*Asks:* 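Let me begin by handing over the structure; questions about it come next.
In this chain, numbering begins with 1 at the start of the sequence shown. Just so it is clear, the model here is predicted, and its values are computed rather than measured.
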Amino acid sequence: MQALRNFFRAPWSSDERLDDKTVVITGANAGIGKETAIDLAKRGAKVIMACRDMEKAQAAVKEIAERSGNQNVTCMKLDLGDTKSIREFAEAINSGEPKVNILINNAGVMACPFGKTADGFEMQIGINHIGHFLLTHLLIDLIKRSAPARIVNVSSMAHSWSSIDLEDINSEKSYDKKKAYSQSKLANILFTRSLAKRLEGTGVTTYSLHPGVVQTDLYRHLPGPQLAVVRLVTPFTKSSVQGAQTSIYCAVEPSLEKESGGYYRDCAPANCSAAGKDDKLAQELWELTCRMLAITWE
């Protein structure tokens with residue numbers, strides 16, 4: 001019912017400004033990340049694009065600056081599949097930026113063949129969840145000092161396809177790329193929920209979201225028959241501009257100032273799966289992620 005109500009709601013729009021605000025967006029050189037960057041740059045924000053492919057990122061910087069009319073757009077190297085790169089990026093931000101008002105954990109991989117990150121994590125849980133968990137941890141003190149501030153985690157309705165296997169989070173016993181993607185997106189929602197509790201009273205709020213079924217190159221790893229289905233339904237899917245709207249909504253909508261930890265789609269609150277509301281699972285995932293990264297984050 002919620003999805004149906006959202007479908008008939010007028011498209012969300014806001015003229016909220018972000019002058020003197022600094023935004024960090026992961027994976028901002030393409031797709032919904034790039035469209036989010038363009039929109040927030042138009043609102044006057046300083047936009048820092050955190051990207052793995054610097055050649056593509058530099059081309060995107062030029063395009064974003066031209067389309068937004070804002071020259072205060074830069075890119076920095078970040079490989080979410082390598083904790084060394086994440087630490088170097090965070091160190092550069094912490095030493096070079098006086099504030100980070102909005103962090104958008106947008107980058108992701110989907111349904112890729114089994115592979116491991118530089119630190120031995122399964123690729124999808126490693127990039128989609130663990131990498132963003134570490135990045136947020138390393139930037140959290142700066143974000144708190146920048147309050148009011150927001151952390152936006154791009155999840156997916158795919159979170160409801162599976163749960164999290166805490167005993168085999170790296171899918172080493174068996175690998176199903178769809179399940180591995182699903183658990184990484186559920187992890188985004190549980191991380192958002194846990195983070196909201198830990199940030200109560202700090203002026204930092206958190207949001208997770210489903211962007212919609214968007215026309216992006218995330219589908220490149222799907223097998224032929226599934227790719228054919230995606231192409232078939234393409235006329236009914238969202239463009240990258242439409243797909244970016246809920247990320248933008250969570251980043252700027254004034255009415256969300258006192259909300260934290262929720263899940264959104266179509267620029268409105270939405271229902272996530274029962275597993276996405278499981279506080280015990282959220283806590284266990286938090287503790288496991290900290291052990292995997294060898295960090296302490298109370």
*Asks:* Below 4.5 Å, heavy atoms only, C-beta onward: do S146 and T22 meet side chain to side chain?
*Replies:* no

*Asks:* Establish, from distance only, whether the side-chain atoms of Y264 and E259 form a donor-acceptor pair under 3.5 Å.
*Replies:* no

*Asks:* Measure across L256 and Y207 and return the closest heavy-atom pair with its distance rounded to 0.1 Å.
*Replies:* O-OH, 2.8 Å

*Asks:* Taking the six-membered ring for Trp, are Y175 and F114 parallel (under 30°), tilted (30 to 60°) or perpendicular (over 60°)?
*Replies:* perpendicular

*Asks:* Are side-chain N/O atoms of D79 and S85 paired as donor and acceptor at under 3.5 Å?
*Replies:* no

*Asks:* Between the main-chain N or O of L285 and the side-chain N or O of T289, is there a donor-acceptor pair closer than 3.5 Å?
*Replies:* yes

*Asks:* Over all heavy atoms of both residues, which pair between S68 and I38 is shortest? Give the atoms and the distance, please.
*Replies:* CB-O, 3.8 Å

*Asks:* Distance only, no hydrogens: is a donor on one side chain within 3.5 Å (strictly under) of an acceptor on the other, for E253 and S255?
*Replies:* yes

*Asks:* Is K179 close enough and on-axis enough to W161, meaning under 6.0 Å and within 45°, for cation-pi?
*Replies:* no

*Asks:* For the ring pair Y263 and H210, is the centre-to-centre distance below 6.0 Å?
*Replies:* no

*Asks:* Salt-bridged, R43 to D19, with N to O below 4.0 Å?
*Replies:* no

*Asks:* Between E91 and R87, is the salt bridge (Lys or Arg N to Asp or Glu O under 4.0 Å) condition met? List the steps.
*Replies:* CA-CA 6 Å; E91 197 179 320; R87 289 181 181 281; over 6 Å; no

*Asks:* Can you name the closest pair of heavy atoms from L138 and N94 and give their distance?
*Replies:* O-ND2, 3.0 Å

*Asks:* Provide the closest heavy-atom pair for N170 versus F121 in the form atom of the first, atom of the second, distance.
*Replies:* OD1-CA, 3.3 Å

*Asks:* Decide yes or no for I48 and E97: does some side-chain heavy atom of the first lie under 4.5 Å from some side-chain heavy atom of the second?
*Replies:* yes

*Asks:* Does V154 offer a backbone N or O that forms a donor-acceptor pair with the side chain of K185 under 3.5 Å?
*Replies:* yes

*Asks:* When T192 is tested against each of T205, N153, T206 for side chain to side chain donor-acceptor pair (under 3.5 Å), which residue passes?
*Replies:* N153

*Asks:* Is a side-chain N or O of E122 found less than 3.5 angstrom from the main chain of I169, in a donor-acceptor match?
*Replies:* no

*Asks:* List the atom of A45, the atom of V23, and the distance in Å for their closest heavy-atom pair.
*Replies:* CB-CG2, 3.7 Å

*Asks:* Compute whether any side-chain donor of one residue and acceptor of the other, for D119 and T83, lie under 3.5 angstrom apart.
*Replies:* yes

